[in-house]
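Beneath this line is the structure, given in structure tokens, with notes to follow.
Atoms within each ligand, like the ligands themselves, are counted from 1 in listed order.
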Amino acid sequence: MNTTPEYDVLIVGGGMVGASLAIALSGHGLRIGLVDAFQPGDPGQPGYDDRAIALAYGSRRIFEAMQVWPDLSGDAEPIARIHVSDRGHFGFTHLSAEEEGVPALGYVVTARRLGHSLIARLRQCADVQLIAPAQVQAVWSDAASAGIRVQRGEETVELRAGLLVAADGGKSFIREQLEIPTQRWEYGQSAVVANITPSRPHDNVAYERFTDSGPVALLPMSEGRCAVVWTVRDEHLDEVMALDDAAFRKAFQERFGYRLGRFLKVGKRSSYPLSLLRARESVRQRIAIIGNAAHTLHPIAGQGFNLGIRDVAALVDVVLEAQRDGADIGGDDTLQRYAAWREGEQRNVALATDGLARLFSNPLGMLRLGRNLGLLAVDLLPGARHRLARGAMGLLGRLPRLGRGLPPGA
Ligand SMILES: Cc1cc2nc3c(=O)[nH]c(=O)nc-3n(C[C@H](O)[C@H](O)[C@H](O)COP(=O)(O)OP(=O)(O)OC[C@H]3O[C@@H](n4cnc5c(N)ncnc54)[C@H](O)[C@@H]3O)c2cc1C
């Protein structure tokens, strides 16, 4: 068995969250290792598939500060307005970029396209060593370092670092090996996603529509297309996936209505089972858990990655502050500061997302009346709407340097 030199930071998971962390930490004299089961750019890497990602305005700021945005911006479709409604009922609310004084509330881009920009930027980071394809098979930590055992082809290597970051996704091997307890909500639902072309221009409006069978989102995309996220109960999933294109367009038209005219064309469909998971601890000795490994959300509010990139921004602040002050970047004090910072927002976003998913999937009359009144109240009270918009843009609470659009660590 080989042993390799130490790293300062070892990141497990080169998905959108882990790759972002490596880029944001680069350039500060740290020796960074990034481990993933897939070679960067491998079209089979599941985190970089064709799902549409709504990036909050706050995430754009972070990508600007990380110098990822210039490469991405040309393919990111702005969201000028968000329209939230309850299908066939009176409640609705709307949010607008103009009212909030921002160029866009957010941007829509596919995970695949975002992956191209992240990997291109990663290749400019000479201090990040890519260890891929490599499968992590064991993890441990002691007072001095954290370590992993990695299978790389025929070879097994041990890698150690002062700080190990688990960004290894919803089924996190590291979280499971450390037996970190989790809170789980199962929905018995799946998200069916596809691109669809409506006969009317989308005018950069994102629609969130609640229906008896679950929420439906339609996000504006380039070339006049929209991304569908249709929540389907598991017992209907096979039926919906088996529909031919014409029948799918018809069924979706019935759910969504005719606000964008007729749906003319639909692309390839994929489905994702939905559950919500939250790790009860986000740090252990010399280990931090971030992104989907720490919290996997229902995609109803498009917050999963946006929450993960805010983990990245906060972790970068505490690590670079510790480094600047000559403190231990993987020490308890540093990690506890990270955990305390992120605890509130992670809990609030998980609870709010779960509440929305349940409330708006429930056809009971009183609940429906309540939620319609709630939507109307949000619409009529500018203060409430403004707060909702700031939350959706990821601009509430204490913002890390990257979240304020500032370069890390300066
Ligand atoms: C249908 C759908 C729509 C969504 N829409 C939005 C949206 O609009 N906005 C938004 O913000 N979020 C959205 N999300 C959520 C978003 O996609 C996720 O939050 C994000 O992709 C998580 O990234 P991650 O890097 O944490 O995890 P992952 O993408 O899962 O990456 C984990 C990485 O770790 C690697 N790995 C795992 N185990 C090991 C191991 N043992 N050894 C080596 N490598 C390993 C994997 O290869 C992978 O590359 C959506 C999700 C879905 C399903």
- Task: Might you confirm whether atom CG of Asp333 has over 12 heavy atoms from other residues, nucleotides or ligands at distances under 6.0 Å?
- Result: no
- Less than 4.0 Å between a side-chain N and a carboxylate O, is that true for Asp71 and Arg113? yes
- Message: Is there a polar contact, in the sense of an N or O pair closer than 3.5 Å, between Ala37 and ligand 1?
- Response: yes
- Rounded to the nearest 0.5 Å, what separation is found between the CZ atom of Phe63 and the CG atom of Leu402? 10.5 Å
- Message: For ligand 1 and Gly302, I'd like to know whether there is a polar contact (N/O to N/O, distance under 3.5 Å).
- Response: yes
- Message: Please compare Gln303, Arg51, Glu176 and report which has the shortest non-hydrogen distance to atom 17 (O) of ligand 1.
- Response: Arg51
- Which atoms from ligand 1 have a heavy atom of Val17 less than 4.0 Å away? 23 (O), 24 (P), 25 (O), 26 (O)
- Message: Among Asp42, Asp36, Ile11, Asp49, which one puts a heavy atom closest to atom 48 (C) of ligand 1?
- Response: Asp36
- Task: Check each of Asp50, Asp244, Asp245 against Arg269 using the salt bridge (Lys or Arg N to Asp or Glu O under 4.0 Å) test, and report the only one that passes.
- Result: Asp245
- Which residue holds the protein heavy atom closest to atom 13 (C) of ligand 1, what is that atom called, and what is the gap in Å? Ile53 CD1, 3.7 Å
- Check step by step if side chain to side chain contact (heavy atoms under 4.5 Å, CB included) holds for Leu72 and Tyr107. CA-CA 10 Å; Leu72 185 63; Tyr107 299 83; over 6 Å; no
- Using a 4.0 Å heavy-atom threshold (strictly under), name the region of Tyr272 that reaches ligand 1: side chain, backbone, both or neither. side chain
- Message: Tell me whether Phe173 has any N or O atom under 3.5 angstrom from an N or O of ligand 1.
- Response: no
- Query: Around atom CD of Glu98, are there more than 12 heavy atoms of other residues, nucleotides or ligands at under 6.0 Å?
  - Reply: no
- Query: Which option, Phe38, Phe305, Trp230, owns the non-hydrogen atom nearest atom 11 (O) of ligand 1?
  - Reply: Phe305
